J.: 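Structure incoming, see below.
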4 protein chains.
Amino acid sequence: MSDKKERIRIAAIELFACRGFHRSTTDEIAAAADVAVGTIYNYFRSKQDILDHIFLTEHAKRQAVYERMQRSQLNPVHKLRTIIAEHFDEVRKNPDLVMVILREGHNVGPQVREKEGLRRFLSAIIREGTESGKIRPVDEEICATMMFGAVRGIMRDFSERQEKGDCQPEIFNRALEQMMDLVHHGLAGEK
Amino acid sequence: MSDKKERIRIAAIELFACRGFHRSTTDEIAAAADVAVGTIYNYFRSKQDILDHIFLTEHAKRQAVYERMQRSQLNPVHKLRTIIAEHFDEVRKNPDLVMVILREGHNVGPQVREKEGLRRFLSAIIREGTESGKIRPVDEEICATMMFGAVRGIMRDFSERQEKGDCQPEIFNRALEQMMDLVHHGLAGEK
Amino acid sequence: MSDKKERIRIAAIELFACRGFHRSTTDEIAAAADVAVGTIYNYFRSKQDILDHIFLTEHAKRQAVYERMQRSQLNPVHKLRTIIAEHFDEVRKNPDLVMVILREGHNVGPQVREKEGLRRFLSAIIREGTESGKIRPVDEEICATMMFGAVRGIMRDFSERQEKGDCQPEIFNRALEQMMDLVHHGLAGEK
Amino acid sequence: MSDKKERIRIAAIELFACRGFHRSTTDEIAAAADVAVGTIYNYFRSKQDILDHIFLTEHAKRQAVYERMQRSQLNPVHKLRTIIAEHFDEVRKNPDLVMVILREGHNVGPQVREKEGLRRFLSAIIREGTESGKIRPVDEEICATMMFGAVRGIMRDFSERQEKGDCQPEIFNRALEQMMDLVHHGLAGEK
DNA sequence: AATGAATGAGAATTCATTCAT
DNA sequence: TATGAATGAATTCTCATTCAT
């Protein structure tokens with residue numbers, strides 16, 4: 001795998017994160033990657049292809065994590081915690097990537113659209129939990145969708161704060177604890 | 001308020017929903033609104049301004065709902081349920097608008113970006129609840145962010161299914177019940 | 001029919017004649033037509049479309065001439081003479097157009113390629129002649145192909161001379177006489 | 001003379017024939033010649049230079065034939081027949097080359113443009129014939145131009161049919177006979 | 001000599017915006 | 001107000017050519 005291709009990917013992530021896919025030009029990407037425009041097209045078929053590649057690369061990395069997690073012997077609730085913790089960790093390390101994934105998901109090509117990611121994994125864990133009784137009987141698809149949405153919500157919030165210069169990485173710890181608290185006790189008091 | 005301006009807004013929502021903001025041209029908007037391109041510029045400063053106007057219009061409508069809700073005497077948990085129910089209802093009635101709001105939020109201009117919507121409202125209700133003891137002591141900002149994310153997650157899911165031709169409006173009812181179930185009991189079983 | 005479209009057609013003919021289709025840029029065409037680049041695309045789908053339009057316009061004009069000729073009561077040999085004379089006349093009047101037609105025929109789009117022109121007409125006349133005995137029994141397709149080739153040969157020669165600055169419009173008269181002489185007596189002497 | 005240079009020439013002929021000069025890329029030529037792009041530039045100054053070389057190679061080969069023919073003792077009419085027969089033969093054997101020569105003649109460089117080929121030779125033979133009385137007094141330049149055009153017309157026709165998948169190599173025999181028939185008797189009947 | 005990744009000038013096309021009618 | 005032809009800056013992508021290995 002070429003050094004140049006990776007440089008282009010990194011540069012594109014940074015640009016797409018800060019200006020969005022459509023507002024980033026191939027010239028800018030080339031400049032940011034310190035490469036000639038033409039070089040981009042030695043590694044990617046089109047600008048669109050760069051975006052797809054970013055998603056596919058990330059997807060493959062996550063998929064590996066999920067599979068490892070899937071096979072672990074943790075109880076399902078703990079698995080949920082672990083996977084979300086890892087997810088947040090990843091985000092903290094690479095916030096630009098997250099911004100791209102949150103914002104440009106609807107601009108990816110069709111092969112990328114097929115892919116299933118965190119949501120599918122959450123739903124698998126929840127089903128595992130309901131089957132073993134570790135998780136109350138719930139609609140696992142909807143719960144997964146909501147948890148996934150909640151995670152994205154936290155990331156969005158982090159991104160937006162960061163954009164305003166108000167970087168708060170500790171938010172992820174608090175969010176993780178709060179989320180597990182809700183998992184255990186719900187929101188309502190005074191039953 | 002001119003009839004034309006409204007026609008342009010409606011046409012733009014439909015187009016932005018199906019092709020995205022950047023892929024929709026002013027010519028297309030004009031054609032869909034049955035108006036000449038030039039006419040658009042009698043009502044809007046720019047294409048960007050149309051998007052902003054869509055957000056602001058929607059925001060104003062919702063704001064009215066929130067304020068009415070705020071003043072009602074319902075208990076906080078019930079308020080949450082009601083506001084989310086109304087939200088889902090709105091989505092069912094106007095799915096295009098939702099798609100635009102979900103997908104184009106990062107393309108709006110700065111005055112729009114300032115505005116606070118559902119999330120702020122959720123956080124106010126939760127605070128109200130924690131203060132009155134109807135809601136357990138939680139981090140209301142983070143909870144609001146997560147609930148808001150969960151709601152968006154459901155809407156995203158609905159949009160994506162709809163795009164694939166798999167329209168399931170009953171998902172909102174199930175999601176609402178499931179969400180309240182979580183609010184009341186959390187996710188974990190076998191405590 | 002717009003004045004602009006015609007201006008673009010004329011400008012393109014001049015450019016294609018002198019630099020060839022591939023070496024002429026849309027910027028040049030626009031400049032020569034005294035129009036903005038974008039304007040070209042209000043009248044043509046693509047640069048290719050301009051070339052096709054040039055051919056189709058010319059084809060339509062010629063077709064009208066052929067049909068009129070077809071219906072005339074002249075004897076076939078005379079018809080051949082007349083049609084070739086008119087053809088040469090056209091060339092003399094618009095040498096650029098001829099250059100384009102001679103040189104860019106293989107760059108036209110598929111709808112244009114279908115069209116049949118002078119060759120088909122020649123073959124029809126020759127058949128008419130052989131049937132009436134005014135023309136010796138010959139293979140009319142091959143004869144038409146060769147006559148058509150001979151006509152193109154003359155035009156090519158004229159174009160090339162003109163390009164070198166050696167303009168000889170009288171060549172057409174001599175060529176016409178010589179061609180009819182061959183029609184009547186062949187090339188060989190001393191039978 | 002290197003084997004590589006020849007491979008490049010052959011590959012270029014095939015590509016130019018089927019896609020045209022401007023639509024063929026140096027990468028394609030290299031791939032077809034099973035050579036690296038850079039290697040092309042060890043043998044040719046530019047892409048243009050490849051085209052020129054194709055023409056010059058062909059020209060030299062033909063020139064040798066013409067000179068041999070020139071020195072033969074055949075009578076002029078017979079010489080015409082023989083040279084055209086040989087020409088057609090060549091075409092049958094290498095139709096791609098013909099396509100290139102017919103279609104890309106106006107893309108050659110200036111040194112190539114100077115060269116005189118078949119037409120010049122035909123005109124020399126005709127003059128020889130008129131001087132010896134074997135050929136009727138005619139304008140030998142114009143007759144040569146027309147014969148040359150007729151020959152090209154036949155080749156064009158063959159190429160076009162071949163492109164449509166309708167390969168008819170026997171057309172050359174019929175064309176040769178028909179052409180000599182015209183040379184001997186002209187086209188007109190009922191004198 | 002051979003290679004092929006890198007280059008970047010150049011080309012076609014798009015589209016938000018303007019403005020004369 | 002309404003119109004829509006005209007505009008031309010901006011953008012994506014191509015490809016002949018170079019040059020370090």
Side-chain angles (χ1 to χ4, degrees), chain A residues 2-5 7-8 21-31 33-50, chain B residues 2-5 7-8 21-31 33-50, chain C residues 2-5 7-8 21-31 33-50, chain D residues 2-5 7-8 21-31 33-50:
Chain A
S2 162
D3 149 62
K4 294 265 167 76
K5 182 165 188 175
R7 272 191 4 232
I8 294 165
F21 176 67
H22 280 108
R23 272 188 277 270
S24 306
T25 72
T26 47
D27 278 14
E28 285 169 336
I29 297 169
D34 197 22
V35 154
V37 219
T39 303
I40 292 179
Y41 291 86
N42 289 337
Y43 296 97
F44 298 94
R45 268 186 301 277
S46 62
K47 186 183 154 190
Q48 173 69 73
D49 194 36
I50 304 177
Chain B
S2 162
D3 148 63
K4 296 255 170 92
K5 182 163 189 177
R7 258 159 53 203
I8 293 166
F21 176 67
H22 280 106
R23 274 187 276 270
S24 306
T25 71
T26 46
D27 278 15
E28 285 169 333
I29 297 170
D34 198 22
V35 150
V37 223
T39 305
I40 291 178
Y41 289 84
N42 287 334
Y43 296 98
F44 298 95
R45 268 188 302 276
S46 63
K47 184 183 158 190
Q48 175 68 73
D49 194 35
I50 304 176
Chain C
S2 162
D3 149 61
K4 294 265 167 75
K5 183 163 189 178
R7 276 197 354 238
I8 294 166
F21 176 67
H22 281 107
R23 271 188 278 269
S24 306
T25 73
T26 47
D27 278 14
E28 287 169 334
I29 297 170
D34 196 24
V35 153
V37 219
T39 303
I40 291 178
Y41 292 85
N42 289 337
Y43 295 98
F44 297 95
R45 268 187 300 278
S46 63
K47 186 182 154 189
Q48 174 69 73
D49 194 35
I50 304 177
Chain D
S2 162
D3 148 63
K4 295 256 169 90
K5 183 163 188 176
R7 260 164 46 206
I8 294 166
F21 176 68
H22 280 107
R23 273 188 277 269
S24 306
T25 71
T26 46
D27 277 16
E28 286 170 333
I29 297 170
D34 198 23
V35 150
V37 222
T39 305
I40 291 178
Y41 289 83
N42 288 334
Y43 296 98
F44 297 95
R45 268 187 304 274
S46 64
K47 184 183 159 192
Q48 175 68 74
D49 195 33
I50 305 176

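Lettering follows sequence order; numbering is per chain, from 1. Please read these numbers as outputs of a predicted model, since none were measured by experiment.
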J.: On DNA chain E, check which nucleotide each of A:Asn42 and B:Phe21 is closest to and give me the residue with the more 5' one.
T.: A:Asn42
J.: Categorize B:Phe44 for me: base, sugar-phosphate, or nothing, with a 4.0 angstrom heavy-atom threshold over every strand shown.
T.: nothing
J.: Considering Watson-Crick and G-U wobble pairs with both distances under 3.5 Å, what does F:dT17 pair with?
T.: E:dA6
J.: Let me know, please, whether C:Gln48 or A:Thr39 comes out on the 5' side of the other along DNA chain E by nearest nucleotide.
T.: A:Thr39
J.: Side-chain N or O of B:Thr26 versus OP1/OP2 of E:dC15: is the shortest distance under 4.0 Å?
T.: no
J.: Paired with F:dT11: which nucleotide, if any, by Watson-Crick or G-U wobble criteria at under 3.5 Å for both distances?
T.: E:dA12
J.: Within this structure, what is the NZ-to-P distance between A:Lys47 and E:dT13, rounded to whole angstrom?
T.: 19 Å
J.: Please state how far atom CD1 in A:Ile8 lies from atom P in F:dC13, giving the value in whole angstrom units.
T.: 13 Å
J.: Between A:Gly38 and C:Ile40, who's closer to the 5' end of DNA chain F by nearest nucleotide?
T.: C:Ile40
J.: May I have the distance from A:Arg23 (atom CZ) to F:dA10 (atom P), rounded to whole angstrom?
T.: 16 Å
J.: Can you tell which of C:Ile8, C:Thr26, C:Thr39 makes a side-chain contact (heavy atoms from CB on, under 4.5 Å) with C:Phe44?
T.: C:Ile8
J.: Nearest whole angstrom, please: distance from the P of F:dA16 to the CD1 of D:Ile50.
T.: 9 Å
J.: What is the distance, to the nearest angstrom, from the CG atom on A:Asp34 to the C1' atom on E:dA6?
T.: 12 Å
J.: Give me the atom names and distance for the closest heavy-atom approach of C:Glu28 to C:Arg23.
T.: OE1-O, 3.6 Å
J.: For the side chain of C:Ala36, counting heavy atoms from C-beta on, which of F:dG8, F:dT3, E:dT3 is nearest?
T.: F:dG8
J.: Could you report the tightest heavy-atom contact between D:Asp34 and D:Arg7, atom names first, then the distance?
T.: O-NH2, 3.0 Å
J.: Choose from E:dA2, E:dT7, F:dA5 the nucleotide whose nearest atom is closest to any side-chain atom of D:Tyr43.
T.: E:dA2
J.: For A:Tyr41 and E:dA6, give me the distance from atom OH to atom P, rounded to whole Å.
T.: 16 Å
J.: Would you name the heavy atoms of A:Ala30 and A:Ala36 that are closest together and state the gap between them?
T.: CB-C, 3.9 Å
J.: Grab the CG-P distance between A:Asp27 and F:dC13 for me, whole Å please.
T.: 12 Å
J.: Quick check on DNA chain F: between A:His22 and B:Lys4, whose nearest nucleotide comes earlier from the 5' end?
T.: B:Lys4
J.: Quick check: does any side chain N or O of A:Lys47 sit under 3.5 Å from a backbone N or O of A:Phe21, one acting as donor and the other as acceptor?
T.: yes
J.: At under 4.0 Å, does any side-chain N or O of D:Ser46 touch on OP1 or OP2 of F:dA16?
T.: no
J.: Answer with base, sugar-phosphate or nothing: what part of the nucleic acid does D:Thr25 contact at a heavy-atom distance below 4.0 Å?
T.: sugar-phosphate
J.: Would you mind reading off the distance between A:Asp49 atom CG and F:dT14 atom P, rounded to a whole angstrom?
T.: 12 Å
